[in-house]
K.L.:
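For reference, the structure I am asking about is given below.
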There are 2 protein chains.
Amino acid sequence: MSEGRTPSPPTLEDVARAAGVSRATVSRVINGIRNVDPAIQEAVRLAVAETGYAPNQAARSLVTRRTGTVALVVSGAGGESAENPFPAQVFADPFFGRVAGGVVSFLRPLGIHPILMFAETAETRQQVVAYLRQGNADGALLVSTHGADPLPGLLVAAGLPAVLFARPSEPLPISYVDLAHRAGAGLAADHLVAAGRRRVATISGPLDVPAARDRLAGFQEAMAVHGHPFVPVAEGNFTAASGERAMERLLGEQPGLDGVFAANDVMAAGALAALRRHGRRVPGDVAVVGFDDSSAATACVPPLTTVRHPVEDMAAEMGRLLLAHLDDPAQRATSKIFQPSLVVRASS
Amino acid sequence: MSEGRTPSPPTLEDVARAAGVSRATVSRVINGIRNVDPAIQEAVRLAVAETGYAPNQAARSLVTRRTGTVALVVSGAGGESAENPFPAQVFADPFFGRVAGGVVSFLRPLGIHPILMFAETAETRQQVVAYLRQGNADGALLVSTHGADPLPGLLVAAGLPAVLFARPSEPLPISYVDLAHRAGAGLAADHLVAAGRRRVATISGPLDVPAARDRLAGFQEAMAVHGHPFVPVAEGNFTAASGERAMERLLGEQPGLDGVFAANDVMAAGALAALRRHGRRVPGDVAVVGFDDSSAATACVPPLTTVRHPVEDMAAEMGRLLLAHLDDPAQRATSKIFQPSLVVRASS
DNA sequence: ATGAAAGCGCTAACAG
DNA sequence: CTGTTAGCGCTTTCAT
């Protein structure tokens, strides 16, 4: 009585034998296809339980040509060389965590789990394309950290289903979700003006990022509407340190400023530090408004008034759009723009 | 002359025909098996290029019984009900980002991409087990947010290869990486004492988390060695808000304290806020030491002295251990404990 | 309503 | 060194 060393897992065949039916019937029951006698269904279910059967996904994919998996790709815009070989920084950004959380919350109830990929060089982008072409995933959810990311174009060229987190910088037949950045920045401007602030400045994000440009433009436009055609600007790169430096510069230019809008919460937190060092009270002397409503907004002292960016909802929508496209590949690219809202806290 | 509607991707057969050889030979070339005539190798490579061939992973997995994929599972300890149905919070923690970054940086050069999973209820844990049993991934990298996570036990019981981020609370034949938490906390104690601090308190993490318990014990032990057998403790839950509340309590108990060790940087940041509100200067009146050396440590004002937790390296090591186990399933469970180090910044 | 049989694309003995 | 041959486990016509 020798037992197999590595008892290979039960197959459909085993279940069929145990239930006294054919493989085809077991397959039907498992895949929830009707036209199966209830009594037989029950027998099959029993056999599945007692054999501990679990369908082999590879075999299934081979015939259905579907993996039931999607890739979640975080992509930069680097060139040939690996400028940032270590992906830790990118994933450490709470923004990425929110995207991942939103994607998972939508996909998981459907039994779909995303494959995490990271691409920032020409080589790694090709890796992503090859990976998808090999049928490791049915499609991709793409989050670019820079506007000029070539990956969306590559995906479209390869005919691979994908959905982007933001409008591509070049027009492309591809679906995406995005935020009404201009409107969001406008909310911040309206709020500062309504609060009686007259000497307002802004800390922008890196201007090669479309979202950063939109937030700046939206802020400037809204301020102009309120009779403030000129707004001092200092450019940051979305990090706390850059926000701090930008605030220093602004304070140097205009010591009497009484309000500042930062294009994200993290830079606003940096600005808070600079203001404190210069003896300005927030919001007494200077009102501060951030953008995103990220964890940084509430971790600050004082907590930040900010523009809410429904990242999780948007990420979930990406999943929805991708699945819709997979169900009906003929359907055209669509987009969904989310509306931001203002969250007022102690900093303004 | 009609073309196929959906031109099905080229197969090995197509490449073989184009190269004028057999499927087996093409397979050999593609899988880098030697004993193939260099001239034929070249011909095959050419044929691959002109057909645009990409191997079908499902077909490959079906016969090799390997997917070349691993699961990265973030797991809580919840019971039957979904107390925290939304995974966004968990993924938003920068700690998770560091783990993901470390895992990806190690796995990606090997062409392996992790599947992101999240489990916090009995049901979702079963989902993870089922997913692995279906052969969607060869093994799991598991990060538990609580000590009493049942998932490691389930994985062992199912005979699924896995590596944990921390020592399991129950002894289990499973590999893991961990940090010498006690030693790390000891470093913090030594530093505070060396800096002349005499009235030192600590903010612990949630005491149902083994790492939090170890950090507290390590700190108390080291302080005792330095002649301070009693250290006031306030328990937090690793969030900034909890750190702030804990600091308030400590200040109430011992208004003259001159040093505090928080079991993570985020709570230390909260403590900083409370200290500022109470008019204490850091480090002038009170020295503050955190733990982890996370992004929170440098985002604070002043930046935190902290105990470095090499999360990325540890995550990479998890990957290495898992792959080693997959290569040789007979090999026993191993563990690797990393040593922390002190990073001195302005807060102490 | 159920079963028989034909592959999905690939790797791995086994011959030659 | 190369080709032939069997499947891997599953879904899916096609008969019955």
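First the proteins, then the strands, lettered A, B, ... as listed; each starts at 1. None of these values were measured; they are calculated from a predicted model.
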K.L.:
Could you tell me which non-hydrogen atom of A:Gly319 sits nearest to which non-hydrogen atom of A:Leu107, and how far apart they are?
P.N.:
CA-CD1, 4.4 Å
K.L.:
So, for A:Met314 and A:Val177, which heavy atoms are closest and what is the spacing to 0.1 Å?
P.N.:
O-CG2, 3.7 Å
K.L.:
Would you check if there is a donor-acceptor pair between the side chains of B:Asp14 and B:Thr51 at a distance under 3.5 Å?
P.N.:
no
K.L.:
With a 3.5 Å distance limit and no angle check, can you tell me whether A:Asp138 reaches the backbone of A:Arg66 through a side-chain donor-acceptor pair?
P.N.:
no
K.L.:
Rounded to whole Å, please give me the gap between CZ in B:Arg65 and P in D:dG7.
P.N.:
14 Å
K.L.:
Can you give me the first and the last nucleotide of DNA chain C (5' to 3') that has an atom within less than 4.0 angstrom of a non-hydrogen atom in chain A?
P.N.:
C:dA1 to C:dG9
K.L.:
Please confirm whether B:Phe91 and A:Phe96 have ring centers closer than 6.0 angstrom.
P.N.:
no
K.L.:
Do side-chain atoms of B:Asn56 reach the backbone of B:Ala58 as a donor and acceptor pair under 3.5 angstrom?
P.N.:
yes
K.L.:
To check you understand the geometry: which heavy-atom pair defines the closest contact between B:Val99 and B:Met318, and what is its length?
P.N.:
CG1-CE, 4.2 Å
K.L.:
On DNA chain D, check which nucleotide each of B:Val36 and A:Leu62 is closest to and give me the residue with the more 5' one.
P.N.:
B:Val36
K.L.:
Reading nucleotides 10-16 of chain D from the 5' end, what letters show protein touch, with B for base, S for backbone sugar-phosphate only, - for no heavy atom under 4.0 Å?
P.N.:
BBBB---
K.L.:
Kindly indicate, with the supporting measurements, whether the criterion side-chain contact (heavy atoms from CB on, under 4.5 Å) is fulfilled by A:Phe106 and A:Leu323.
P.N.:
CA-CA 11 Å; A:Phe106 173 71; A:Leu323 295 192; 4.0 Å; yes
